[in-house]
Engineer: 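Pasting a structure below so you can have a look.
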2 protein chains.
Amino acid sequence: MVERWTRSTSLHLELDRSAGRRRALEQALRAAISSGQLAAGTALPSSRLLAADIGVGRGTVVEAYAQLVAEGYLVSHPRAGTRVAAAVRASADVVAAKEKTREPEFDLRPWSSDVSAFPRAAWASAVRQVMRDLPDRDLRYGDPRGHELLRQELAGYLGRVRGVRVGADQVMVCSGFSHALALLSQYLRRSGRRRLALEDPCLAANRETAVFHGLSTVDVPVDRGGMDVSRLRDVDAVLVTPAHQFPYGVPLAAPRRTELLAVAERMLVIEDDYDGEFRYDRQPVGALQGLAPDRVVYVGTTSKSLAPAMRLAWMAVPAPLMPELVRIRELTDRHCPVIDQLALAHLIGTGSLDRHLRRVRGRYRARRDALMSALTAVPSVRALGVAAGYYATLLLPPGVSDTDVSRRLAERGVHVDTLSRHRGSASTIDSGLVVGYGTPPQHQFAAALEAFIAALHASGL
Amino acid sequence: MVERWTRSTSLHLELDRSAGRRRALEQALRAAISSGQLAAGTALPSSRLLAADIGVGRGTVVEAYAQLVAEGYLVSHPRAGTRVAAAVRASADVVAAKEKTREPEFDLRPWSSDVSAFPRAAWASAVRQVMRDLPDRDLRYGDPRGHELLRQELAGYLGRVRGVRVGADQVMVCSGFSHALALLSQYLRRSGRRRLALEDPCLAANRETAVFHGLSTVDVPVDRGGMDVSRLRDVDAVLVTPAHQFPYGVPLAAPRRTELLAVAERMLVIEDDYDGEFRYDRQPVGALQGLAPDRVVYVGTTSKSLAPAMRLAWMAVPAPLMPELVRIRELTDRHCPVIDQLALAHLIGTGSLDRHLRRVRGRYRARRDALMSALTAVPSVRALGVAAGYYATLLLPPGVSDTDVSRRLAERGVHVDTLSRHRGSASTIDSGLVVGYGTPPQHQFAAALEAFIAALHASGL
C-alpha cells in the first residue's frame with residue numbers, strides 16, 4: 001500500500017499550525033474535500049508519506065485520517081487505502097457541525113495507568129543497547145521461562161521492591177496477568193484440580209479466563225478487609241489480590257493474610273499483584289509470596305507500571321509447577337520476544353524503571369490528592385482504596401444504583417467503572433464507582449476531574 | 001544485582017586483544033583465578049559493569065562468564081551473582097587443557113536460519129521511529145488480531161510476495177507457527193472437530209502440539225511429491241507444507257494441489273509457509289491460500305526470515321473462524337506486543353524487510369551452491385529440496401541408518417537432523433539427513449561445510 005504512493009505527488013494542503021498539528025490537518029482536509037479540491041474517490045497518500053511530506057509524526061496523520069473516516073469524509077479499505085468518500089459533502093457538513101459542539105470525552109475507567117507517561121526514549125535506547133550487545137545465539141529459540149538475564153533482574157527487583165523470594169530459575173516471563181491465569185488454569189486442569197476460588201467481586205475477565213480454560217469457579221465474598229478467607233473451602237486453588245483488592249481497593253486484613261497462608265497448605269494460592277509498585281502513604285504491603293514461596297504463585301506485570309501494550313509480565317513459581325508450565329509454553333507460544341525481554345532487563349538493571357516509577361508515582365499521588373480534595377464537595381460518596389494504585393473506589397449512598405450513576409456520567413462524557421460490573425454469582429456488594437484517576441493523560445486530568453465532579457452533582461450526588 | 005556493583009571497584013585484567021575479545025577475557029580470567037589473584041568465593045562485577053569497564057559488549061562478558069562457569073572456574077547464583085568457584089584450581093587446569101584440544105562444533109540442524117544476519121540496526125531504528133510516532137492510545141490494550149497498521153502491511157506484503165488473498169480484517173498476528181497451530185487446535189477442539197491429518201514425516205513438535213491441545217492426529221504418507229492427498233479421509237482438518245515440505249524439502253505436486261483444494265470443501269486446510277520467502281531457482285510456489293482463501297488458513301512467520309526470538313508470525317484466517325480465535329486470544333495472551341508489531345510494520349512499509357531478504361537470499365543461495373558442489377565428492381548421497389529454503393535433505397543409500405550416520409557426524413562435532421526423527425506412526429520413509437545450511441553464521445559456513453564433508457567421508461559415505 002505504501003509503495004503505491006512513494007512515486008506519487010503528495011497533497012498540497014494549507015495547514016494552520018496555530019491550531020495544533022492534528023486539528024490543523026483535519027481542518028485542511030475537511031476544507032479540501034468540502035471545496036471539491038479533493039474529489040470523491042480520490043486516493044490519499046499513505047499516512048507515512050503524508051507525514052514525511054508535511055513534517056508531522058505518522059501517528060498524527062493516522063489519527064486525522066481516522067477522525068475523518070469517523071466523520072464520513074474519508075473511507076478506508078485495507079487494499080485500496082484511504083479515499084475521499086462518495087457524496088460526502090452534504091452529510092459531512094452535518095457531521096462537522098456536530099463535531100464542533102461535541103462534549104469532550106473523559107476516560108476514567110481503571111483499565112490502564114497513564115500511558116502518555118511511557119518512557120519512550122528510554123525504551124528506544126534500551127532496544128538500541130540490546131541490539132548492540134545481544135549474542136547471536138539469543139536470537140534463536142530461547143528458554144520458555146524467559147531469558148536468563150531478565151529472570152535474574154526480575155528476581156532481584158521483585159525481592160527488593162515487593163519482598164518476593166524467588167531465584168531466577170523459578171521465574172517465568174509471560175504476556176500479562178490474563179496469560180498467567182490462562183497458563184495456571186491449564187496447569188490445574190491438567191493435574192485434575194478444577195475448582196478455583198475467586199474474590200467476589202473480582203475482575204470479570206478473570207472469571208471468564210478460568211472457565212474458558214476448563215476450571216469451575218467458586219465465589220468468595222469480599223468486604224472492606226478483602227476476601228473473607230474463613231469461607232474458603234473445598235477448592236484446589238484461590239486467586240487473590242492481597243495488596244490492593246480489585247475492585248474494592250483495600251488490602252487483605254492482616255489476620256486474613258495469616259489465615260490464607262495456613263490454608264495454602266491445602267491449595268495453590270495465586271497472588272495477583274497488578275499494581276504493587278504504586279503505594280503512597282506508607283511502605284508497600286509486601287507480597288504474600290515472600291511469606292510462603294513454596295505455596296504461592298506470585299504474578300506481576302508491566303501493564304500498569306509501563307503499558308498494557310508491552311505484553312510483559314512475570315510469575316514467581318514454586319518449583320513443582322515449573323516443568324508443566326514450561327511444557328505448556330513449549331507447545332503453545334514458546335516464549336516472549338527476547339529483544340523486549342532484554343530491553344526490560346536493561347531498564348531494570350540501569351535503574352531506569354525505578355526512575356520512571358518514581359516519576360509516575362508522584363503524578364498519581366498528586367492526582368489522588370486532587371480527587372480526594374475535590375470529593376469534599378460530594379459528601380454523599382465515600383472513598384475506599386486510595387492508599388495505593390491508580391484508581392479509587394467511591395461507595396455510593398444506600399439505594400443508589402452504581403449502574404444508573406455510571407450511565408448518567410457517560411451521558412455527560414465521563415466514563416467510569418462500577419463495583420456491580422464485577423459482582424459474581426453469590427454476593428450482595430456495595431454500590432460504588434471505580435474511578436481510574438491514573439488513566440487520563442496528564443494534561444487532561446484537571447479537566448477530567450472537573451467534569452467528573454460536575455457530572456456527580458448533575459446526577460444528584 | 002547490578003546495583004550492588006555500580007559503586008565497587010572493577011577487576012583489573014590484562015587483556016591480550018590479539019586473541020579476540022571473548023577469548024582474551026576468558027584467558028585473563030582463567031589466569032587471574034589460577035594465579036590466585038582472584039580467590040575462591042570472590043564476587044565478580046556484573047557483566048554490564050565489566051563490559052563498560054573494559055570496553056566490550058555486554059554479550060561478550062556474559063559469554064565469557066558462561067564459558068568459565070561451564071569450565072568450573074566460576075559459579076553463578078541468581079542472587080549472589082557470579083563468583084570464583086571454591087577449590088577451583090586443580091580441576092580447572094584439567095578443563096582448560098581439555099578445552100584447548102576440543103574440536104569446534106558446527107550446528108547444521110535446520111532450526112533456524114542464520115541469525116547473525118538479523119538486521120539489528122534496522123530494528124533499533126524502527127523501534128525508535130515507532131516510539132516517535134505511536135499515538136498514546138496504542139499503548140493500551142489492543143486488538144487481539146494485532147495492530148491494524150501491521151495487519152494492513154501484512155495483507156499487502158503477503159499478496160505481493162506469496163499470492164495470499166486476504167484483507168487486513170482477516171489477519172491475526174501471533175507468536176510463531178507453533179502458536180498458530182495451538183490456537184487452531186483449540187479452535188477445532190472447541191468446535192467438536194478433533195481429527196487432524198499430518199504429513200508423515202512432519203515436524204515432530206507439530207504432532208505434540210496438536211495432541212497437547214486436544215486433537216487426535218492421522219498420519220498421511222509423504223513421498224517425493226509431498227503429501228499423498230488421495231489418502232486423506234475421515235479428518236476434520238489437515239496441516240500441510242505445500243511450498244516446501246518439511247523435512248523432505250519438496251513442493252506439493254501440482255495434481256495434488258488441485259486435489260487438496262477439492263477436499264478442502266470438507267475440511268479445514270492449514271498451510272504452514274514457514275520459509276516461503278526463500279526460493280532460488282524460479283518464481284516461488286505461490287501460497288495455496290490464494291486459490292481458496294475461504295477454506296485455507298495460511299500461516300507465515302518471521303522465525304526464518306528474521307529470527308525465532310522475535311516471536312512474530314501471522315495467520316490469514318477465513319472469516320468464520322475469526323470470532324472464536326479472537327475469543328481465545330482475549331482469554332489467553334490478548335495480543336502480541338504492539339511496539340514489536342509496529343516495528344515490523346515499519347520494516348515492511350519502508351522496504352527494509354525486502355532488502356534484508358534479498359541479502360540473505362543471496363547468501364543462502366551461495367551456500368546451497370557450495371553444498372551441492374561439495375557433495376559431488378560424496379556420490380552416495382542424493383539431495384532433495386534444494387530449490388528453496390535454508391536446509392537440504394540428503395537421501396542416504398538403502399540400508400544405511402540416518403540415526404547412525406548422524407551420531408557419527410556428531411562425534412566429529414557436526415550436528416545435523418534426520419528424516420527418521422520426524423517419522424510418524426504409520427510410514428516407512430527414506431533414510432536421510434536434514435542439513436541446515438542456513439544455520440551457521442556466515443564466517444563459519446565454509447569451515448562447517450568442510451567439516452561436514454569430511455565427517456561424511458569418515459562415516460563411510
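Naming: A, B, ... by sequence-line order, numbering from 1 per chain.
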Engineer: Please flag which part of A:L149 lies under 4.5 Å from any non-hydrogen atom of chain B: side chain, backbone, both or neither.
Structural biologist: side chain
Engineer: Would you say B:L306 and B:L344 make side-chain contact, with heavy atoms under 4.5 Å?
Structural biologist: yes
Engineer: Give, as side chain, backbone, both or neither, the part of A:T302 having an atom under 4.5 angstrom from any heavy atom of chain B.
Structural biologist: neither
Engineer: Using non-hydrogen atoms and a 4.5 Å limit, figure out which bit of B:R190 sits close to chain A: side chain, backbone, both or neither.
Structural biologist: side chain
Engineer: If we define contacts as heavy-atom pairs under 4.5 Å, which of B:E148, B:H346, B:R137 has the most with chain A?
Structural biologist: B:R137
Engineer: Most heavy-atom pairs under 4.5 angstrom with chain B, which of A:V115, A:V62, A:L139?
Structural biologist: A:L139
Engineer: Are the charged groups of A:R329 and A:E324 less than 4.0 angstrom apart, N to O?
Structural biologist: no
Engineer: Counting only heavy atoms closer than 4.5 Å, note whether B:S112 contacts chain A via side chain, backbone, both or neither.
Structural biologist: side chain
Engineer: Where on B:A122 is there a heavy atom nearer than 4.5 Å to chain A: the side chain, the backbone, both, or neither?
Structural biologist: neither
Engineer: Does any heavy atom of chain B fall under 4.5 Å from the side chain of A:C336, the backbone, both, or neither of them?
Structural biologist: backbone
Engineer: Between B:R334 (side chain only) and B:Y141 (backbone N and O only), is there a donor and an acceptor less than 3.5 Å apart?
Structural biologist: no
Engineer: If only atom types and distance count, is the side chain of A:R145 paired as donor or acceptor with the main-chain N or O of A:Q170 below 3.5 Å?
Structural biologist: no
Engineer: Is there a donor in the side chain of A:H213 and an acceptor in the side chain of B:T332, or the other way round, less than 3.5 Å apart?
Structural biologist: yes
Engineer: Can you tell me which of B:V127, B:T60, B:L312, B:L181 forms the most heavy-atom pairs within a distance under 4.5 Å of chain A?
Structural biologist: B:V127
Engineer: Got a salt bridge between B:D114 and A:R140, using NZ or NE/NH1/NH2 to carboxylate O under 4.0 Å?
Structural biologist: no
Engineer: Is a salt bridge present between A:E208 and B:R327, judged by a nitrogen-to-oxygen distance below 4.0 Å?
Structural biologist: yes
Engineer: Heavy atoms only: give me the nearest B:T439-B:W111 pair and the separation to one decimal.
Structural biologist: OG1-N, 4.4 Å
Engineer: Relative to chain B, which segment of A:S175 carries a heavy atom at a distance below 4.5 Å: side chain, backbone, both, or neither?
Structural biologist: side chain
Engineer: Is it the backbone or the side chain of B:H335 that comes under 4.5 Å from a heavy atom of chain A, or both, or neither?
Structural biologist: both
Engineer: With a 4.5 Å limit on heavy-atom distance, are the side chains of A:M131 and B:F118 in contact?
Structural biologist: yes
Engineer: Under a 3.5 Å threshold, yes or no: a donor from one side chain and an acceptor from the other, between A:T217 and A:R207?
Structural biologist: no
Engineer: What part of B:V61 is in contact with chain A, defined as an atom under 4.5 angstrom from a non-hydrogen atom: side chain, backbone, both or neither?
Structural biologist: neither
Engineer: For chain A, find which of B:Q341, B:H179, B:E330 contributes the most heavy-atom pairs closer than 4.5 angstrom.
Structural biologist: B:H179
Engineer: What's the shortest heavy-atom distance between B:M310 and B:W123, and which atoms?
Structural biologist: CE-CH2, 3.3 Å
Engineer: Looking at every non-hydrogen atom in both residues, tell me the closest pair between B:R311 and B:S303 and how far apart they are.
Structural biologist: NH1-OG, 3.8 Å
Engineer: Could you tell me which of A:A182, A:G57, A:S116, A:A307 has the largest number of non-hydrogen atom pairs under 4.5 Å with chain B?
Structural biologist: A:S116
Engineer: Does any heavy atom of chain B fall under 4.5 Å from the side chain of A:A343, the backbone, both, or neither of them?
Structural biologist: neither
Engineer: Checking A:D107 against chain B: side chain, backbone, both or neither under 4.5 Å from a heavy atom?
Structural biologist: side chain
Engineer: Taking side chain as everything from C-beta outward and backbone as N, CA, C, O, which of these in A:S185 sits under 4.5 Å from a heavy atom of chain B? Side chain, backbone, both or neither.
Structural biologist: neither
Engineer: Report which part of A:R128 has an atom under 4.5 Å of a heavy atom belonging to chain B: side chain, backbone, both, or neither.
Structural biologist: both
Engineer: Under 4.5 Å from any heavy atom of chain B, what part of A:V171 do you find: side chain, backbone, both or neither?
Structural biologist: neither
Engineer: Against chain B, work out which of A:L134, A:N206, A:I328, A:L183 has the most heavy-atom pairs shorter than 4.5 Å and name it.
Structural biologist: A:L134
Engineer: Pick one of side chain, backbone, both or neither for A:D340, based on which atoms fall under 4.5 Å of a heavy atom in chain B.
Structural biologist: side chain
Engineer: Please determine whether a side-chain nitrogen of the Lys or Arg among B:D136 and A:R120 lies less than 4.0 Å from a carboxylate oxygen of the Asp or Glu.
Structural biologist: yes
